[in-house]
Every structure is written in structure tokens, then in C-alpha cells.
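Here's the structure, in C-alpha cells; my notes come after.
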Amino acid sequence: MEYDFRKIEQEWQVRWKLNKTYKVFNDAAKPKYYVLDMFPYPSGAGLHVGHPLGYIASDIYSRYKRLKGFNVLHPMGYDSFGLPAEQYALETGQHPAVTTEKNIATFRGQLDKIGFCYDWDRAIKTSDASYYKWTQWIFLQIFDSWFNRITNRAERIAGLVKIFETEGNLQHACPGDKVQIFAAQEWNNLDEKTKQEILMDYRLTFSAYGEVNWCEALGTVLANDEVVNGVSERGGHPVEKKKMRQWYLRITEYADRLLEGLERIEFSDAMKEMQKNWIGKSQGAEMDFAIRDHDQLLRVYTTRPDTIFGVDFMVVAPEHELVKQITTAAQKREIDNYLTYVKSRSERERLAEVKQITGCFTGAYAINPFDGREIPIWIAEYVLAGYGTGAIMAVPCGDQRDFGFARHFNIPITNIIGSYFNGEEANATKEAILQNSGFLNGLLMKDAISVAVNKIEELRIGTRKVNFRMRDAGFSRQRYWGEPFPVIWQDGVAIPLDAVELPLELPHVDKYGPGPNGEGPLANIEDWVNLIPNASPKERGTGEVKRETSTMPGYAGSSWYFLRYMDPENTQSFCDRKASDYWGQVDIYIGGTEHAVGHLLYSRMWTKILFDLGYIGHDEPFKKLVNQGMIQGSSRYMYRVSPVIITADGFDQALLPYIFISKSIADKLELEDKLAYENTMKFAERSLADVYGDWVITITGISILKTHVDVNFVDGLELDIDQFKKWRNGEYANAKFINEDDGTYICGVETEKMSKSKYNTVNPDILVDKYGADTFRMYEMFLGPVEQSKPWDTKGIEGVHRFLRKLWRLFYDEGKGKLWNENKATDAELKVLHRSIKKIEEDTERFSFNTAVSTFMICVNELADLKCNKKEVLENVLILLTPYAPHIAEELWNRLGNSNSILDAAYPVFDGKYLVESSKEYPISINGKVRANINLALSLEQAEVEKIVLENEVVQKWLDGREPKKIIYVKNKMVNVVI
RNA sequence: GCCCAUGUGGCGGAAUUGGUAGACGCAGCAGACUCAAAAUCUGCCAUUCGCAAGGGUGUGAAGGUUCGAUUCCUUUCGUGGGCACCA
């Protein structure tokens with residue numbers, strides 16, 4: 001009776017489905033536990049072995065928690081809106097809904113083979129109207145909210161209107177327009193449109209103008225992804241910045257709450273660090289500089305007001321509105337040229353560029369209010385309009401980028417930090433005593449900061465200011481395949497749809513190309529966009545009425561999906577409060593670090609808003625986050641020889657034969673090995689002669705081209721030449737090879753991202769077919785820690801498969817049949833069992849699945865050595881194994897005579913009494929190096945140990961008659977003799 | 001460029017709190033079983049010197065703290081991820 005994994009796995013998958021083994025109910029009898037995987041986008045390429053890594057980890061943890069007596073919610077669904085499907089639609093004309101559905105079916109099929117315990121009845125798709133109805137509904141709630149900085153939470157707009165009507169906005173500075181200040185009476189006298197415009201500056205989702213990547217040739221807005229080196233990825237057309245009306249999430253209002261919340265959740269320090277840096281809270285000062293010959297003031301933000309006397313120039317963002325006004329006639333041309341250059345640059349490029357310093361002098365001068373010095377005002381791409389005030393005061397002796405700039409443009413540098421500045425590079429210290437610094441002279445820099453700010457405030461030329469690097473999040477896309485905004489525009493005022501009008505369904509389009517003026521494809525559907533006034537439930541007046549034609553970004557649907565799983569079929573609300581109160585936070589969230597600052601910040605923000613508005617009872621969505629590493633591809637390379645040929649008339653390039661040389665020969669050529677070169681040349685000549693016959697062909701040289709070859713027909717490093725010849729419809733059928741001496745072709749290796757184009761993807765289906773899901777699951781875990789990135793190599797999978805077969809052989813023998821019995825277990829057997837229970841439980845708890853798999857192997861090896869076939873022991877091993885290899889565990893559990901599912905068994909309880917030891921083999925070190933081992937009773941104290949150790953032959957030899965300086969004895973660890 | 005992670009045998013990795021570096025597995029080598037192969041089992045397997053006993057070296061590199069460092073600190077190099085419209 002052998003381990004027939006194909007039959008076992010298929011049978012159990014069917015039975016689990018029929019018995020609804022994974023169905024989860026929202027009942028409170030058991031303690032709840034919520035395990036969540038990051039929302040996948042169903043890509044057309046299908047799964048490769050890297051994708052299920054996190055899913056297997058969460059599946060193991062879910063099953064483990066269930067065995068431990070929890071009611072476990074472990075759902076899966078699809079983040080099914082997104083750019084790739086739309087891109088595919090543009091290319092093939094197929095509707096994204098159709099291709100997405102197809103991709104989902106593939107995805108589901110692949111997941112099912114691996115035997116996950118998802119409750120598929122709770123599956124959701126963000127592109128389903130029944131789902132995005134609620135995404136739109138939440139959008140409307142956010143639209144109807146503002147952030148009250150006094151109560152520190154989101155509140156309804158109606159409340160804000162009341163405040164304006166009674167006290168104006170004196171208590172509530174406008175986040176969108178800082179100069180907007182009015183009293184109650186002024187507010188009451190405003191017309192409706194102006195009122196709405198002001199309210200827009202408070203709303204937590206709002207519409208305003210922002211810059212996008214505009215590609216004139218394609219007539220469309222491009223994602224950063226689609227812009228490569230300043231031109232469009234498709235077609236290579238120029239891309240420039242363009243201002244367009246956009247929707248935003250006012251996430252900056254939540255900056256402090258997002259920072260504070262980090263204290264209460266279990267994310268890795270690295271993850272928290274990334275979010276903190278993204279939010280980028282800094283303390284500093286804003287101050288105004290007068291500009292020579294102008295009335296306007298130049299406002300800068302600085303975190304180092306102590307360096308005010310070291311300011312040698314100002315740098316203003318090229319987009320800054322003052323630039324046009326202050327540029328002198330003499331500099332105008334140069335500035336215009338520079339502005340054109342900057343327009344073509346992406347933000348990333350602007351910030352990353354350090355080698356090539358660019359900038360341009362405006363001709364204007366700011367006045368230092370403390371010493372009256374005239375400071376030249378420059379513009380440079382490294383200052384962005386969106387950060388701070390869009391202008392900085394440059395202190396070359398203290399800031400490296402300012403220093404480089406000053407050097408490059410020959411701007412004289414003032415040293416205010418004495419010997420701390422060496423003239424060769426800037427020094428950002430806060431420890432220097434200030435010099436050349438007027439009233440700050442003699443002060444330590446870190447003390448001078450507040451002295452300087454106080455003075456600035458006293459002179460009323462600036463204020464203390466907390467600044468955030470984070471910006472409001474762009475929330476609209478000029479695309480088709482996303483949630484339509486439930487908003488109508490009338491006379492420039494955005495009017496939200498009524499909740500009863502939701503969902504606003506995505507209309508069908510025939511073409512996916514952009515609309516007019518860079519609008520999204522929806523703008524092309526005139527009868528959808530243009531509405532008849534007064535036709536809807538709300539009074540809409542008589543003006544021009546149009547729908548918003550942008551759609552929401554990918555992160556809209558994924559910012560709240562974890563709530564929908566709790567109550568997926570609810571038609572009355574996005575999630576019943578009872579359900580969200582029961583399930584609460586996601587207890588464990590597993591996913592990649594690539595979401596560190598996008599999804600993980602947006603979903604935290606949405607949760608906080610829903611909490612503030614009273615729809616849910618918790619304000620952090622994820623209690624604990626585990627980051628899974630990436631599985632990288634291990635690419636294989638072939639070395640192709642291209643002969644350089646002098647051709648004659650009528651030479652047919654198409655006949656050129658493929659010639660490949662094995663790795664060691666390529667290596668030799670690389671080292672300019674003469675013999676290898678000549679041999680290769682001769683080989684190439686002969687190969688050409690075979691093809692071209694009589695043609696006289698002279699080869700003048702060869703070049704080597706490294707090309708990817710599909711890893712699926714390379715065994716280790718050795719190419720399967722027959723398979724290779726069949727690749728790509730026989731393109732290489734006549735390829736010629738120079739092999740190694742033993743006749744094999746050896747490929748080169750490199751680790752890189754797993755992707756189709758690199759031919760290094762490995763499909764899990766093939767492995768599951770060949771070895772079974774249980775083997776596949778355990779092997780993925782065995783590869784290494786979940787958190788770590790590692791290259792995939794299929795080779796080792798045999799070892800895990802052998803382990804499962806060995807486990808099977810503890811129960812059944814191919815020849816003898818049933819081996820398991822009901823005999824009483826010995827102490828030695830129980831010791832193996834309990835040691836395994838302890839280690840596997842600990843390892844599973846701390847997500848150290850790779851070491852748990854090792855422990856299973858050790859356990860089975862030891863039980864096999866002990867010839868233990870006892871049900872008493874094996875039954876417990878099966879329960880331990882269930883989370884990792886559910887099919888084989890269930891099958892053997894069943895064969896042991898159990899009628900219930902092993903998932904409803906009780907997890908074995910560790911009992912320390914089987915592990916008690918009275919002595920230990922201690923390593924004895926001399927000066928930290930182990931020289932001997934002595935078996936010592938654990939009860940011994942320092943003095944007794946010293947005596948025994950000093951009597952030891954090896955120790956005496958090393959002492960060589962000397963007295964030891966010290967003997968360190970750490971109970972249950974080691975002994976170190978210091979000489 | 002900035003932020004984060006990471007670096008240990010031929011390979012994936014282990015060493016959980018500063019305490020025997022290399023568990024477990026792959027690959028490799030030798031052997032048993034077999035007509036043979038597969039499967040299975042046994043042994044060896046960081047490197048170097050040595051017949052051996054035993055010794056030297058060794059966790060990317062260079063320093064440091066410590067009786068003792070893969071683990072802590074400083075500097076530095078390589079690789080991977082993110083950087084606001086991929087999801």
C-alpha cells in the first residue's frame with residue numbers, strides 16, 4: 001500500500017468541498033481569529049511559485065488556530081479593477097470584465113489545487129457592482145466629512161456648516177487654502193457656489209488641480225510605470241507635466257493619527273520606519289524673506305533656523321508662482337529654457353540626480369532680515385513645489401546638496417561652523433558652536449534652533465511649524481477600468497449622488513482609448529456623461545450637468561475589503577456593525593513589503609474615517625503584519641555565438657545557424673583564451689559551411705550573446721538539448737553546440753525577478769501534479785523563512801517528498817501492508833513526540849515554518865529509527881502535521897479509524913515530564929574555543945564544576961601547569977576556562 | 001540619490017535571549033540490496049596542514065566591545081524591495 005498522493009488529494013478536496021469543511025459562521029461561541037492574505041490582482045499570466053508563498057503560510061496558521069479552538073476567518077477574493085486588464089483591452093479590444101473573469105477562473109483553479117482552506121462563499125471582487133456600490137458609498141461618506149483638528153477626528157460637513165454659520169472659520173483653519181479666513185457673517189453672505197468651493201477645501205475627499213504625466217501623442221495621462229526615461233513606454237513619445245483637475249484623499253489631515261497608531265500595532269520596525277519616513281513629520285519654521293525691488297515675500301520652510309546666517313542662496317521650485325514675477329529681463333531666456341527642461345523630468349529623476357547639478361539664477365535677490373545680506377534666488381529641479389513652501393534657504397556649509405550646488409555655480413560659501421567645516425564637503429552637525437552668526441554667535445547649534453525661532457516669531461517674520469513630507473493622495477485616474485465616481489458636476493460644483501442611486505454602474509464602452517482633453521474613456525459616452533437637469537432625485541438646477549468621468553484608483557477597493565469579508569452578502573450596508581464588532585481587527589495580515597506605504601497607509605486611513613464616523617468599532621485595521629519575502633527567479637543563460645561575417649551577394653541571413661557554447665567555453669572566451677577562441681572560430685566556420693555549402697564565407701570574429709533559456713528544461717545547470725530543440729516551435733531545431741568535455745551543455749545562472757520574459761517562472765501546477773499539494777506546500781515553507789526573499793530552485797523538492805513517503809511508511813508498508821498498531825508507547829517514543837510538539841508549536845506561533853518542517857523530518861527520522869508504528873504516537877504527529885500537509889494527515893487520520901475531520905481534532909498538549917534530563921554534555925572551552933566535552937549533572941554548582949573541569953585531561957594539557965584566570969560556568973549552556 | 005531589508009559550505013538554510021557555527025534538506029562521494037534500474041537503507045561531506053592524534057582558518061570586508069560575537073557597535077562593499085498613477 002503506497003502513498004498515492006494524487007488519489008488522496010483529489011478525494012479529500014472533493015469531500016471537504018461537499019462537507020463545507022471550511023465554511024465559517026459569524027457566531028461568537030468560539031473566540032474569533034482573523035487571518036488575511038493581501039488582496040491579489042488576478043493577473044493574466046497566472047500564478048508562479050512565488051505567489052502562493054504567503055497563502056501557504058496563512059493557510060498553515062489558519063488551520064493551526066482552528067485546531068487550537070478558534071473560529072477562524074480566512075477569506076480570499078480579487079482586487080479585480082486595474083490597469084493591466086485595461087491595457088490588454090486597448091491592445092485586443094476584449095472587455096476587461098471578460099478577461100478579468102477568465103483570469104479569476106485560472107487563478108482559482110490554481111489555488112484550489114494547493115488545498116487552501118478559504119471559505120469561498122465569502123469571496124469578493126472589487127469590480128462587482130455589488131461590491132463597488134459600497135466603495136462608492138464610503139467615498140460619499142468621506143466626501144461628506146472634514147477633519148476637526150480640535151477633536152482630532154473626522155466629522156460631518158453639516159456640522160462644519162453650522163460652525164461657519166455661527167462662528168466662521170477662525171477656530172478651524174482651512175487645510176486646502178490657508179489664507180481663507182472669514183467670520184460667521186461673511187460666510188452667511190456668501191453665495192452657494194463660493195460656499196461649496198470653501199467646503200471643498202475642507203472635505204476629506206476633494207477635487208483640485210494637480211500635475212499628471214501627460215503624453216500629447218497618446219492623448220492620455222500615463223502612470224509612472226508607463227513612463228521610462230521621460231518618454232512613454234508605448235511608442236516612446238515625449239511626456240510632460242500637465243495640470244488637470246483631480247480627486248484627492250486628504251490623508252495629510254490624518255498624518256498624526258497614522259503616526260500615533262503605529263505605536264499600537266505589531267508591524268515590523270522596518271515597516272513602521274518606512275511609514276514614518278513616508279509621513280515625514282518634521283519640526284521647523286516657516287519664514288518670509290523680503291525680495292529686493294518687489295512687494296512679494298519669499299516664504300521658505302526650514303528645519304534648521306539656526307543656520308540662518310549661513311544662507312548663501314535661495315532655491316525655489318521651478319513651478320513656484322513667484323518665479324515668473326521675480327525673474328529679471330536679463331535672465332528670462334535662461335529661466336524659460338530651464339523651465340522647459342524641468343517639465344520633461346519626472347519627479348524621481350529630479351530628486352535622484354546628483355551627478356549632474358542643474359539650476360538657473362532668476363536675477364532676483366532676497367534680503368536676510370538679520371544682517372541685510374542680499375541672497376541670490378535660484379530655481380533648481382531638486383526643490384519640488386509640493387514640499388513645504390516650495391522654497392528653501394540654502395546653507396552650503398551644512399547641507400551637501402546645497403554645497404554641491406554652490407560649488408557648481410561658484411556661489412561663495414559662508415562658514416558658520418568653524419572647524420566643523422573643512423571646505424571639501426558640507427557637515428550637517430548640530431554640535432558646532434555658531435560663528436559669523438550675529439545674535440546666535442557662540443551658541444551650540446541644537447540650542448540655537450529655538451532661540452532663532454523665538455526671534456523670528458518675535459519679529460513677526462515667521463512661525464514655528466510642523467511639516468509633513470506626505471502629500472494628499474491622488475484619488476482619480478483618467479481610466480476606464482475602475483469605480484466611477486458617484487459625483488455630478490454642475491456649474492463647477494461637485495454634487496454627490498444620493499445613496500439610493502448607488503451603485504453607479506460602469507457603463508459599457510466600445511473603445512478604451514482616452515476621451516477628449518485627456519479625460520478618461522468614459523468621457524466618450526456622451527449620453528452617459530451629459531445629464532438632463534432635474535432628471536434625478538436631487539434638484540440639480542438648470543446649468544450644464546455632467547458626470548465625473550474619472551474613475552477611482554486601484555487602492556480604493558482594497559482600502560476596505562477586509563471589512564466586506566465579514567459580511568459579504570449584505571445589501572443594506574457595507575458590513576453590519578455586529579459582524580465587524582465580532583471579527584474586529586485582522587489578527588494576522590500576510591503580504592509583501594511592496595505595499596508598505598501605499599495600501600497599508602490608505603487602508604489605515606479609511607479604517608480611521610469609518611471609525612470616526614461610527615461605522616466600525618476599531619481604528620486600526622491590522623493588528624499584526626507579517627511580511628513575506630519575494631521568491632526570486634533563478635534564470636538560466638545560454639551563450640550564443642554570433643560570427644562576424646564578410647558577405648557576398650545573395651547571402652541569406654535567415655539561414656544563419658544558431659551556435660551555442662557551453663558555460664566553461666564562454667568563461668574561457670571571456671578570459672581571452674586563445675585556444676578556445678580558435679576552436680570556436682573553426683566550429684563556426686564549419687557550421688556555416690554546412691549551411692551555405694559553396695559560398696565562400698570569411699569569419700572575421702565572433703561575439704558572444706547571453707540569452708535566457710527556459711528553466712523548465714534545464715536540469716540543475718545541464719540543458720536538456722532535445723527539449724530545447726523543440727522550444728518555440730522548433731526555432732532551435734538545427735542549433736549547434738560546443739559542449740563540455742563530457743558532452744553536456746552547461747548553462748549560466750543568475751538570480752533575478754521571476755517573470756515570463758526571463759523564462760524563469762515555474763508553474764505550481766506542474767509541481768503539484770508531479771509531487772502533490774502536500775509536498776509543494778511543505779517545500780515552499782522549507783525553502784527558508786517566510787519573511788526572507790530567496791531564489792526558487794525546484795531541486796530540493798525531492799527531499800520533502802521523500803519525507804512524506806517515509807511518514808507514510810510508518811503506517812503502511814508496500815509489501816506487508818498495515819504497520820500501525822495500538823501498542824503502548826515507550827518513554828523514548830514519547831520523548832520524541834513531545835519534543836516535536838513543543839518545537840512545532842513554538843515555530844508555528846512565530847511563523848518559523850521552515851524550522852517546523854525540519855522538526856517534522858527529524859521526528860519522522862527518529863520514529864523510524866525507533867521502529868515506532870504506534871497509533872498513540874502517530875495520531876498526534878498527524879494532528880501536528882495537519883496545517884502543513886492537510887491531505888495526507890486527513891487520509892491517515894481516517895485510516896486510523898477516525899470518522900470526524902482531523903481539523904476538528906484537539907491540538908496535542910505538550911508535557912515537559914517526558915523531556916526532563918538530569919545531566920548534560922557540556923562543551924568546555926579554553927579561551928572561548930571548545931576543546932572538550934564533559935557530561936555534568938545539571939544540579940552542579942560553580943565550585944563543583946570548576947573542580948571537575950580542572951581535573952580533565954584536555955584542560956590540564958591546555959593549562960600546561962598555569963592557573964586559570966577565571967572559569968565561567970553558565971548552567972545548561974557551557975563552561976569557559978580563561979587562561 | 002533617499003528609505004528599508006539582506007549577505008553563513010557546491011546550493012536552500014539552522015543556530016529563538018551574546019554561549020559547541022553548519023541542524024534539516026538538496027547535490028556529491030563510497031557501500032548494501034538488485035540480473036539491472038528505480039525505490040530503500042548505511043556511511044562520508046566548511047576549508048586547510050597532518051598517516052593519525054591533533055592543530056590553523058572560517059558567518060561579505062575592515063575595525064571595536066566581551067571570558068566568549070553569525071548575534072551588539074562603527075566604517076565599508078555587494079544584492080533585493082519601495083520612492084506617491086503597477087497592484
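Convention: sequence-line order gives letters A, B, ...; per-chain numbering from 1.
- Residue contacts shown for A/E798 are absent, as no nucleic acid heavy atom lies under 4.0 Å away.
- When heavy atoms are screened at a 4.0 angstrom cut-off, A/R469 is found touching base atoms of the nucleic acid.
- Residue-level contact check: A/E273 touches the backbone only, with heavy atoms under 4.0 Å from sugar-phosphate atoms and none from bases.
- No contact: A/K965 has no heavy atom under 4.0 Å from any strand.
- Taking atom C1' on both nucleotides, B/rA46 is separated from B/rC33 by 32 Å, rounded to a whole Å.
- Counting non-hydrogen atoms under 4.0 angstrom, A/K839 reaches a base of the nucleic acid.
- Using a 4.0 Å heavy-atom cutoff across all strands shown, A/V977 reaches no nucleic acid atom at all.
- Salt bridge A/E842/A/K838: present, at least one basic N to carboxylate O contact under 4.0 Å.
- If you check every strand for non-hydrogen atoms under 4.0 Å, A/I968 touches a base.
- Residue A/A270 is classed as a sugar-phosphate contact, given heavy-atom separations below 4.0 Å to backbone atoms only.
- Taking only side-chain atoms of A/V597, from C-beta outward, the nucleotide of B/rC67, B/rG82, B/rG80 with the closest atom is B/rG82.
- The side chain of A/M274 has B/rC3 as its nearest neighbour among B/rC24, B/rC3, B/rA39.
- Between B/rA14 and A/N850, a contact under 4.0 Å exists linking OP1 or OP2 to a side-chain N or O.
- Comparing B/rG12, B/rA27, B/rA21 against the side chain of A/K795 picks out B/rA27 as the nearest.
- Comparing the P positions of B/rG54 and B/rA62 gives an interatomic distance of 30 Å, to the nearest angstrom.
- Remark: the separation of the C1' atoms in B/rC35 and B/rU47 is 43 Å, to the nearest Å.
- Between A/V212 and A/K929, the residue anchored nearer the 5' end of RNA chain B, judged by the nucleotide with its closest heavy atom, is A/K929.
- Note on A/R802: every side-chain N or O is 4.0 Å or more away from OP1 and OP2 of B/rA39.
- Side-chain atoms of A/N976 lie closest to B/rG68 of the nucleotides B/rU40, B/rG68, B/rA15.
- Here A/R471 does not reach the OP1 or OP2 of B/rA84: none of its side-chain N or O atoms lies under 4.0 Å away.
- Separation of the C1' atoms belonging to B/rU66 and B/rG19 is 12 Å when rounded to the nearest angstrom.
- Nucleic acid contact class of A/E2 (heavy atoms, under 4.0 Å, all strands): none.
- Between A/W958 and B/rG55 there is a side-chain N or O to OP1 or OP2 distance below 4.0 Å.
- At B/rG25, one or more side-chain N or O atoms of A/N861 fall inside 4.0 Å of OP1 or OP2 (strictly under the cut-off).
- The residue A/M470 sits close to a base: some heavy atom pair falls under 4.0 Å.
- Residue A/R846 is classed as a base contact, given a heavy-atom separation below 4.0 Å to a base.
- Atom name P, nucleotides B/rC67 and B/rA14: the rounded distance is 30 Å, in whole Å.
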Does A/V975 form a side-chain contact (heavy atoms from CB on, under 4.5 Å) with A/I968? I'd like the steps, not just the answer. CA-CA 6 Å; A/V975 178; A/I968 289 147; over 6 Å; no

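- Residue A/E226 places no side-chain atom within donor-acceptor reach of the base of B/rC85, judged by atom type and a 3.5 Å distance cut-off alone.
- Nucleic acid contact class of A/M974 (heavy atoms, under 4.0 Å, all strands): base.
- If you check every strand for non-hydrogen atoms under 4.0 Å, A/H595 touches a base.
- A salt bridge is absent between A/E319 and A/K241: the closest approach of a Lys/Arg side-chain nitrogen to an acidic carboxylate oxygen does not fall below 4.0 angstrom.
- One can place CG of A/L83 at 12 Å from P of B/rC85, the figure rounded to the nearest angstrom.
- Mapping A/A223 and A/N277 onto RNA chain B via the closest heavy atom, the residue that lands nearer the 5' end is A/N277.
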